[in-house]
2 protein chains.
Amino acid sequence: MKEFLRTKGFKMTPQREMIFRSFFELGEHVSVDELYDKVRSLDHSIGYSTVWRNLKLICKVGLAEEVNLGDGITRYDRVTKIPHGHLFCLTCKKLEEFPVDQLVGVLAETAGERDFTPESFKIEIKGICKDCLNKSEEEIESEEDNV
Amino acid sequence: MKEFLRTKGFKMTPQREMIFRSFFELGEHVSVDELYDKVRSLDHSIGYSTVWRNLKLICKVGLAEEVNLGDGITRYDRVTKIPHGHLFCLTCKKLEEFPVDQLVGVLAETAGERDFTPESFKIEIKGICKDCLNKSEEEIESEEDNV
DNA sequence: TTGAAATTGAAAGTCGATTTCATTTAGAAA
DNA sequence: TTTCTAAATGAAATCGACTTTCAATTTCAA
Ligand SMILES: [Mn+2]
Ligand SMILES: [Mn+2]
Ligand SMILES: [Zn+2]
Ligand SMILES: [Zn+2]
């Protein structure tokens, strides 16, 4: 990692080391606050802006990208070779992934037809996840009991 | 329109009348500032928050919905019967639309397989539009001339 | 005509994202 | 190893789009 960054003109620091490591441990869809909390539990002296800047750096060097679901929170998703879409539960904010190989193919074609040079594709489904649906059904049942 | 709003419990005002009219005249992908500017040119005394609130109202009554491209600006897109995706130019911020009937079918299936109840779908392609690509090519050519 | 409820405009507040700045540190070069 | 400069850091300030508050005004059903 240190080597990788150096070739791109960046230095390694203890803070950066810890932030990068923690980011990849947390896995998918990490927000600044989540990463800040995790890093803080390891080193209480690390600043919020340092975490934020390093998250941006992780994106700049191509290891992650920002995900914006329209809920005001920017999340950072590690870049994987296979493209994926997101299922975003409006109730519990959980984010699931699903493969979109063939869909992206169609989209690339669409772009080509319009002389548009695509850089990225975003495919999202917003709605209610299985768990939240069950919960709301249970609520309705218990309300019926009370009548 | 007045009738339509009344049945939903809202009142009509001169400001509202002008804001609604202007919104639909502007057409697609309107931001608060754009609409505010337009409305202001017609009536300088209208307040920003009134424009904002009425844009929200237009959404609430189902005539538009918010579009979030991750550039920090919320746009309001009139609701049409046919679902569409967005081509978003990262350079000039222009937004084109394209049909996504069959894609949405696939996505609905995907959701169903995961017991996810979809409420909305988002399909976006970010990249460089034809015009901006041509411009950047011209720049490169003129740079070559200067060498 | 009247009065409750909705609406308005200005101003203030919110909150995540971003920048500033003084200081420290990494690491290439000597 | 020492030196030196660009990069990095942490705290605090700032930004900016969005949202709420509040007193005054207006709508419209009764
Ligand atoms: Mn993801
Ligand atoms: Mn649209
Ligand atoms: Zn859920
Ligand atoms: Zn463009």
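Labels below follow one simple rule: chain letters A, B, ... track the order of the sequence lines, proteins then strands, and each chain is numbered from 1. These numbers were taken from a predicted model, which means no experiment stands behind them.
Atom CG of Asn54(B) and atom P of dT27(D) are 14 Å apart (whole Å). Here dT7(C) presents its P atom at 15 Å from CG of Leu55(B), a figure rounded to the nearest Å. Atom-to-atom, OH of Tyr36(A) to P of dT9(D) comes out at 14 Å; the value is rounded to the nearest Å. For Lys8(B) and dA6(C), the NZ to P distance is 16 Å, given to the nearest whole Å. When the C1' atom of dA6(C) is taken as reference, atom NZ of Lys56(B) falls 19 Å away, rounded to whole Å. Between the CD atom of Gln15(A) and the C1' atom of dA11(D) there is a distance of 14 Å, rounded to whole Å. Distance NZ (Lys11(B)) to C1' (dA5(C)): 5 Å, rounded to an integer number of Å. The distance from atom CD of Glu17(A) to atom P of dA8(D) is 14 Å, rounded to the nearest whole Å.
Proximity of Arg6(A) to the phosphate of dA26(C): no side-chain N or O atom is located under 4.0 Å from OP1 or OP2. In this model, the phosphate group of dA26(C) is not approached by any side-chain N or O of Lys2(A) to a distance below 4.0 Å at OP1 or OP2.
Comparing atom distances between the Thr74(B) side chain and each of dG16(C), dC18(D), dT7(C) picks out dC18(D) as nearest. Looking at the side chain of Thr13(B), the nearest of the listed nucleotides dT7(C), dA28(C), dA7(D) is dT7(C). Each of dA6(C), dA10(C), dT19(D) was ranked by its minimum atom distance to the side chain of Arg40(B); first place goes to dA10(C). Listed candidates were dA26(C), dT18(C), dT20(D). Nearest to the side chain of Trp52(B) is dT20(D). For Thr50(A), the listed nucleotide lying nearest its side chain is dG10(D); candidates were dA8(D), dG10(D), dA26(C). For Arg16(A), counting side-chain heavy atoms from C-beta on, the closest listed nucleotide (dG10(D), dA8(D), dT19(D)) is dA8(D). When distances are taken from the side chain of Ile46(A) to each of dG10(D), dC18(D), dA26(C), the shortest belongs to dG10(D).
Residues Val51(B) and Gln15(B) fail the side-chain proximity criterion, which asks for heavy atoms closer than 4.5 Å.
The same ILVMFWY cluster, assembled from side-chain heavy atoms under 4.5 Å apart, contains both Phe10(B) and Met18(B).
Under 3.5 Å, the side chain of Ser49(B) and the base of dA10(C) form at least one donor-acceptor pair of N or O atoms.
Of the residues near DNA chain D, Arg53(B) and Arg75(B), the one whose nearest nucleotide (by heavy atom distance) lies more toward the 5' end is Arg75(B). Residues Asp43(A) and Tyr48(B) both approach DNA chain D. Their nearest nucleotides, taken by heavy-atom distance, put Asp43(A) toward the 5′ side.
Among all heavy-atom pairs drawn from Lys126(B) and Leu69(B), the shortest one is NZ-O, 2.9 Å. Here the closest heavy-atom approach between residue Phe23(A) and residue Leu35(A) is recorded as N-CD1, 3.7 Å. Heavy-atom minimum distance, Val32(A) versus Leu55(A): CA-CD2, 3.9 Å.
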